[in-house]
Amino acid sequence: MGEPLSPEETARRAPLWVALSDLFLDTEIQAVHYEGILKAARSGGFEPNEVIGILNEEVAPVLGFNLMQIAGEWAMFDPDWVVSRVSARLATKPARHLLKLRRWPELERVLKGDSIEQVLAAEGGRKTPNAHLVWWVLAAALIAVVAWHL
């Protein structure tokens with residue numbers, strides 16, 4: 001069972017959770033998304049490795065489903081919903097998730113000081129950083145179904 005965060009820690013993390021939620025939208029990651037994450041990370045006093053940990057262990061378990069839907073949320077998640085869902089999950093479950101296996105190299109580069117423009121140019125206009133993950137999850141599910149029927 002997880003431990004609920006203090007109200008102070010929840011208030012410190014909430015802007016970062018909301019900013020990181022943009023990575024799970026069914027849209028192309030743009031400069032404004034990275035800028036929002038950087039702003040929230042800096043104002044909360046988070047180091048780059050802490051941001052990646054929060055992304056993988058707190059936000060991805062709640063919002064990762066959106067990247068696996070055919071027609072996922074694309075506009076934005078309601079900030080209050082994000083905060084309540086992440087807080088509730090942390091209070092009830094340990095911070096582990098399949099998407100933790102996913103690296104976020106573009107975000108890591110931005111957090112470590114590379115310019116957003118350089119990172120976006122190097123991305124080559126990819127849609128979501130997890131688009132390939134959907135295919136791996138589907139392949140794994142198909143293999144599991146076939147193996148179960150054998």
Side-chain angles (χ1 to χ4, degrees), residues 1-116 119-120 123 126-145 148:
M1 182 83 73
E3 290 290 322
L5 297 175
S6 70
E8 296 79 19
E9 186 61 20
T10 298
R12 182 172 89 102
R13 289 176 185 248
L16 184 59
W17 291 337
V18 172
L20 290 170
S21 73
D22 287 343
L23 297 176
F24 296 91
L25 295 174
D26 191 16
T27 60
E28 184 177 325
I29 307 286
Q30 298 179 15
V32 68
H33 300 126
Y34 289 127
E35 290 164 0
I37 293 168
L38 281 173
K39 181 180 176 187
R42 288 179 181 148
S43 69
F46 295 103
E47 295 294 321
N49 61 336
E50 290 177 292
V51 174
I52 298 300
I54 289 168
L55 171 62
N56 288 328
E57 298 171 6
E58 298 174 15
V59 179
V62 173
L63 301 176
F65 72 90
N66 198 62
L67 296 177
M68 297 174 203
Q69 293 185 11
I70 293 172
E73 177 63 42
W74 57 271
M76 78 178 264
F77 294 102
D78 177 83
D80 293 333
W81 180 85
V82 170
V83 173
S84 69
R85 292 296 298 246
V86 173
S87 297
R89 186 175 192 292
L90 288 175
T92 59
K93 295 187 175 145
R96 296 176 201 239
H97 193 263
L98 171 66
L99 291 178
K100 185 160 105 172
L101 301 174
R102 167 66 171 100
R103 294 207 57 230
W104 303 85
E106 295 87 3
L107 178 58
E108 290 173 8
R109 287 182 55 202
V110 168
L111 290 169
K112 291 179 180 174
D114 286 3
S115 80
I116 293 170
V119 171
L120 289 174
E123 280 186 44
R126 283 190 289 160
K127 191 168 183 191
T128 65
N130 283 325
H132 72 280
L133 178 64
V134 173
W135 294 110
W136 283 108
V137 170
L138 291 174
L142 179 60
I143 291 168
V145 168
W148 184 64

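When a residue number appears, it is its place in the shown sequence, counting from 1. Keep in mind that this is a model prediction, so the values were computed, not measured.
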Practice task
Please name the residue in the list I52, L16, L111, I37 that meets the side chain to side chain contact (heavy atoms under 4.5 Å, CB included) test with F46.
Solution key: L16
Problem - Test item: S21 side-chain N/O and V18 main-chain N/O as donor-acceptor pair under 3.5 Å - result: yes
Exercise for the section: State which residues pass side-chain hydrogen bond (donor to acceptor under 3.5 Å, both in side chains) with S43; sequence neighbours excluded, sorted by chain then number. Expected result: none
Drop me the distance from [X]'s [atom1] to [Y]'s [atom2], to the nearest 0.5 angstrom.
| X | Y | atom1 | atom2 | answer |
| --- | --- | --- | --- | --- |
| L63 | W81 | CG | CH2 | 5.0 Å |
| Y34 | L23 | OH | CG | 7.0 Å |
| L55 | W17 | CG | CH2 | 13.0 Å |

Handout entry: Contacts of type side-chain contact (heavy atoms from CB on, under 4.5 Å), residue S115, not counting sequence neighbours
Key =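 With sequence neighbours excluded, S115 shows a side-chain contact (heavy atoms from CB on, under 4.5 Å) to E117, Q118, given in chain and number order.
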Exercise for the section: Can you sort out the partners of A31 under side-chain contact (heavy atoms from CB on, under 4.5 Å), two or more places apart, ordered by chain and number? Expected result: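 side-chain contact (heavy atoms from CB on, under 4.5 Å) check on A31 returns E35, I116, L120.
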Practice task
Taking salt bridge (charged side-chain N to carboxylate O under 4.0 Å, His left out) as the test, write out the residues that go with E9, two or more places apart.
Solution key: R12, R13
Practice task
Please list, chain by chain and in numerical order, all residues satisfying salt bridge (charged side-chain N to carboxylate O under 4.0 Å, His left out) with D114, sequence neighbours excluded.
Solution key: R109
Exercise for the section: Output every pair passing salt bridge (charged side-chain N to carboxylate O under 4.0 Å, His left out) with a member in residues 36-53, not counting sequence neighbours, ordered by first then second residue. Expected result: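 Sorted result for residues 36-53: empty, none.
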Practice task
Give the minimum heavy-atom separation between G36 and A19, together with the two atoms involved.
Solution key: O-CB, 3.6 Å
Problem - L20 vs L107 side-chain heavy atoms within contact, under 4.5 Å - result: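 With C-beta onward as the side chain, the pair touches.
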Practice task
Taking the side chain as every heavy atom from C-beta outward, state whether V62 and V82 have any atom pair closer than 4.5 Å.
Solution key: no
